[in-house]
Amino acid sequence: MSIEATVFCLLHTSTPLMRTSQLLIPTLRHPPGEADIISHRLMTRAGMIRKVAAGIYTYLPLGLRVLKKIECIIRQEMNRAGAQELLMPILAPADLWRETGRWDFYGKELLRCQDRHARDFCFGPTHEEVITDLFRREIRSYRQLPLNCYQIQTKFRDEIRPRFGLMRGREFIMKDAYSFDADEAGARRSYQKMYTAYERIFTRCGLTFRAVEADNGLIGGSMSHEFMVLSETGEETIVYDERSAYAANVEQAAVPPPSDEDHAALLPLETVHTPGAHTVQEVCASLRVAPARLVKTLLYQTPAQEIIAVLIRGDHEANTTKLNRFCGTEGITLAQKDVVSNLSLAPVGFIGPIGLTGIRIVADHAVKAMRNFVVGGNKTDTHLIHANWGRDFAVEAFLDLRQARAGDPSPKSDSRLQEAKGIEVGHVFLLGTKYSEAMQATFLDASGHERAAVMGCYGIGVSRTAAAAVEQNHDDKGMRWPVPIAPFHIHLLPVTASENVLTTAGMVYDALTGAGMEVLWDDRDERAGVKFNDADLIGAPFHLLIGDKGLAQGIVEFKRRDTGDVVNLPPNEVLPHVQSLLAAYDLPNV
RNA sequence: CGGGGCGUAGCGCAGACCGGUAGCGCACCGCGUUCGGGUCGCGGGGGUCGGAGGUUCAAAUCCUCUCGCCCCGACCA
């Protein structure tokens, strides 16, 4: 490299571009029609992201800055919690995935490919196999534990239907961490450290969130919490209890058995004609009873094609997560119509527990408390009233099988649950030894016995966190980034083009950037209105307006993006003012 | 995978039913004008109408196939 080129590189790597005229920030007045939710629309309009294919995006300079900030906060907090960063490959050999059985089990979401020798590989949707393989090769002794390694890396999950921009992409950036401990107690300590680190991370990112109890799902293990950013656009529903700090995903939330039982005298079973009444609503309308007086019979089929009948009170919803847990299955589904008809039963809508032979019958707790209820008649256009379990049909077990909902009693206090929508930005799992046993990831304990490591895994959707931040922080003009993850701290807006304004802008810019602040200087030859609109759209937390009107009075205008409040300051007081504002934050240094 | 919709200039759309010169707004380029919330005027560049095949004297337009994208559903961390 020539001297000139070297000098050029040094100059230009040490002074990042912060002028609008030089940066690639292609703002749009109109979003593309396909952008559906706020974060997708605004991030596209602000020139932060561009779609390359369904669920696959390019992060433009502005968007990348936000991601880097989130990553930085994550790194700082992960390191603080004793985790160490490494980087695993995007492609993993199929053999590793076959060892845990997930090559077959993970399904179409696992994107597979072959190399030139026709060897199978997959794009990592998560990295338990690769990290566990590393562990078993390198770790021999309990003295090397605990160990917690993380990476920040691009993941690929071939979602059936990618949607919502960065919120549910196929390719996305994720921080995933894996802990290895010598025993369960150690694993719980590692889990707790990550839980605490996650609280710090999302707090520092300026998000309103809630940690909720969650199901372990396909990944396995015994305990997990999801970190939910509260937002109406959330795809998840959570229930929480203000009084006891209890919060859970509705999938997971336990519903206690009803406290009151109906003790009415048993009435004789009667057959009633209910033509065309398939749904709970139709049956209730036809018989003039409340949905809570009805018991619906749902037929589920396990992956092994076993059929099980599930009795749920008419106004309740079944919870397949709980059903899976009871059956010891994953992926139980409502029986298909053709399966039902092959069982030579009544059509869907008229199925009932009475006379249902050769099929297991389980019921939700709530059914146990009922007397003289309505059930399907197992015959077209027929229902039965005054049905009673025990007398008219047997139930294998009563257990918690329904979805929690607002108004249900809290399992942890005597108050009632409330509902909210959330975006899952983080998930911590206590895995146990599922992967370490499958892959013989063992070590010798203090007494010389070989033991399987007790694992935990911990994910944060980095790109999704950025999108969630926008969902939670915007107005009709654009984004309002929380200070720590904003692409820039200050948007410098000369509103007129006089010599005086430009000179002042240059001086303020030098002063602020010299003090380490990130200033986006809109030096374009544009009208003030255009600059204001772009600035509101991009959503830096502070805007600095410099114009001839103000300078005539010796002031510049310092405006908060979130409240719109304006403070008039002499130019030389801008730096201390911003410094005092930013001092309130634990800022990442990207 | 089932149902619905859409592919025409960078973005937003019209034209299609009824085949015959490919249009509008914004953006972009030039000149002038204006300059504190998306100025105004004049001039200009840019499109194999997603792709392939077919019908026809002639296809953005009609037919067949195909690819891509979006929405709803089922599925899922």
Side-chain angles (χ1 to χ4, degrees), chain A residues 24 26-37 40-41 44-45 47 50-56 102 105-110 124-126 128 155-165 167-170 172 174 176 214-221 224-228 235-236 249 251-252 303 320-321 324 330-337 422-429 457-461 464 477-478 493-498 501-502 522 524-537 543-553 555-557 559 564 566:
Chain A
L24 179 61
T27 57
L28 298 172
R29 197 183 295 204
H30 304 290
E34 64 195 30
D36 205 42
I37 59 166
H40 190 190
R41 294 170 67 89
T44 302
R45 279 189 58 206
R50 284 293 184 267
K51 191 175 76 172
V52 176
I56 298 175
R102 291 209 293 184
F105 203 70
Y106 215 91
K108 288 191 175 172
E109 210 170 292
L110 187 65
T126 174
E128 283 80 11
K155 295 276 190 282
F156 197 95
R157 295 183 188 174
D158 204 354
E159 294 275 349
I160 298 171
R161 187 149 88 83
R163 55 188 133 175
F164 306 144
M167 202 70 86
R168 197 175 186 74
R170 292 193 291 174
F172 56 98
M174 181 171 173
D176 48 323
D215 181 58
N216 283 62
L218 278 179
I219 209 154
S224 88
H225 286 86
E226 289 166 329
F227 287 77
M228 298 284 196
E235 290 187 84
E236 303 283 339
N249 192 309
E251 292 294 315
Q252 170 73 13
T320 48
T321 302
N324 270 321
E330 283 164 352
I332 203 164
T333 54
L334 270 173
Q336 299 299 308
K337 285 206 173 72
I423 300 163
E424 182 193 348
V425 289
H427 204 155
V428 293
F429 298 88
C457 74
Y458 318 93
I460 291 179
R464 182 183 280 186
K477 289 183 173 169
L493 302 161
V495 293
T496 49
S498 72
V501 165
L502 293 181
D522 193 340
R524 295 174 300 173
D525 180 21
E526 286 287 358
R527 299 178 63 81
V530 173
K531 295 184 179 184
F532 290 149
N533 281 312
D534 274 354
D536 287 338
L537 177 61
H543 295 174
L544 189 63
L545 281 53
I546 303 182
D548 285 310
K549 276 191 207 165
L551 289 184
Q553 301 164 51
I555 57 106
V556 296
E557 295 156 67
K559 181 178 172 186
V566 176

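Sequence lines set the chain letters: A, B, ... in the order given, protein chains first and strands last, and positions in each chain run from 1. Hydrogens, waters and symmetry mates are skipped; everything else that's a heavy atom, side chains included, is used.
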Give the rounded distance in Å between these two atoms: [atom1] of [X] and [atom2] of [N].
{"X": "A:Arg41", "N": "B:C11", "atom1": "CZ", "atom2": "P", "value": "15 Å"}
{"X": "A:His543", "N": "B:G37", "atom1": "NE2", "atom2": "P", "value": "16 Å"}
{"X": "A:Glu159", "N": "B:C75", "atom1": "CD", "atom2": "C1'", "value": "10 Å"}
{"X": "A:Leu544", "N": "B:G36", "atom1": "CG", "atom2": "C1'", "value": "14 Å"}
{"X": "A:Ile56", "N": "B:C70", "atom1": "CD1", "atom2": "C1'", "value": "16 Å"}
{"X": "A:Leu493", "N": "B:G38", "atom1": "CG", "atom2": "P", "value": "15 Å"}
{"X": "A:Phe164", "N": "B:C70", "atom1": "CZ", "atom2": "C1'", "value": "12 Å"}
{"X": "A:Leu334", "N": "B:C76", "atom1": "CG", "atom2": "P", "value": "11 Å"}

Less than 4.5 Å apart, side chain to side chain, heavy atoms only: is that true for [X] and [Y]?
{"X": "A:Leu28", "Y": "A:Thr44", "value": "yes"}
{"X": "A:Met228", "Y": "A:Asn249", "value": "yes"}
{"X": "A:Val495", "Y": "A:Phe532", "value": "yes"}
{"X": "A:Met167", "Y": "A:Ile37", "value": "yes"}
{"X": "A:Glu235", "Y": "A:Glu424", "value": "no"}

Out of [options], which nucleotide sits closest to the side chain of [X]?
{"X": "A:Glu557", "options": "B:C70, B:G36, B:G38", "result": "B:G36"}
{"X": "A:Arg163", "options": "B:C69, B:G37, B:G73", "result": "B:G73"}
{"X": "A:Ile160", "options": "B:G36, B:A74, B:G38", "result": "B:A74"}
{"X": "A:Pro32", "options": "B:C11, B:G37, B:G73", "result": "B:C11"}
{"X": "A:Lys559", "options": "B:C69, B:G37, B:C75", "result": "B:G37"}

Legend entry - Position toward the 5' end of RNA chain B (nearest nucleotide), A:Glu34 or A:Ile546: A:Ile546
Inset, instruction - Name the residue closer to the 5' end of RNA chain B, choosing between A:Leu551 and A:Glu424 according to the nucleotide with the nearest heavy atom. - result: A:Leu551
Counting only Watson-Crick pairs (N1-N3 plus N6-O4 or O6-N4) and G-U wobbles (N1-O2, O6-N3), all under 3.5 Å, who is the partner of [N]?
{"N": "B:C31", "value": "B:G41"}
{"N": "B:A16", "value": "none"}
{"N": "B:G2", "value": "B:C72"}
{"N": "B:U55", "value": "none"}

Legend entry - Sugar-phosphate only, base, or nothing, as touched by A:Gly461 at under 4.0 Å among non-hydrogen atoms: nothing
Inset, instruction - Provide the closest heavy-atom pair for A:Val501 versus A:Ile546 in the form atom of the first, atom of the second, distance. - result: CG1-O, 3.5 Å
Any side-chain N or O of [X] under 4.0 Å from OP1/OP2 of [N]?
{"X": "A:Arg161", "N": "B:C71", "answer": "yes"}
{"X": "A:Lys51", "N": "B:C70", "answer": "yes"}
{"X": "A:Arg527", "N": "B:G38", "answer": "no"}

Inset, instruction - Please list, chain by chain and in numerical order, all residues satisfying side-chain contact (heavy atoms from CB on, under 4.5 Å) with A:Arg161, sequence neighbours excluded. - result: A:Arg163
Legend entry - Proximity of A:His225 and A:Phe227 rings by center, below 6.0 Å: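 No, the ring centres sit 6.0 Å or more apart.
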Inset, instruction - Could you encode protein contacts along nucleotides 25-32 of chain B as a string, one character per nucleotide from 5' to 3', using B for base contact, S for sugar-phosphate-only contact and - for no contact, with a heavy-atom cut-off of under 4.0 Å? - result: -SS-----
Legend entry - Pair A:Asp36 + A:Arg41, salt bridge at N-O below 4.0 Å: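 Answer for the salt bridge query: no.
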Inset, instruction - Report yes if a donor N or O on one partner sits less than 3.5 Å from an acceptor N or O on the other, where the partners are the side chain of A:Asp536 and the base of B:G37; otherwise report no. - result: yes
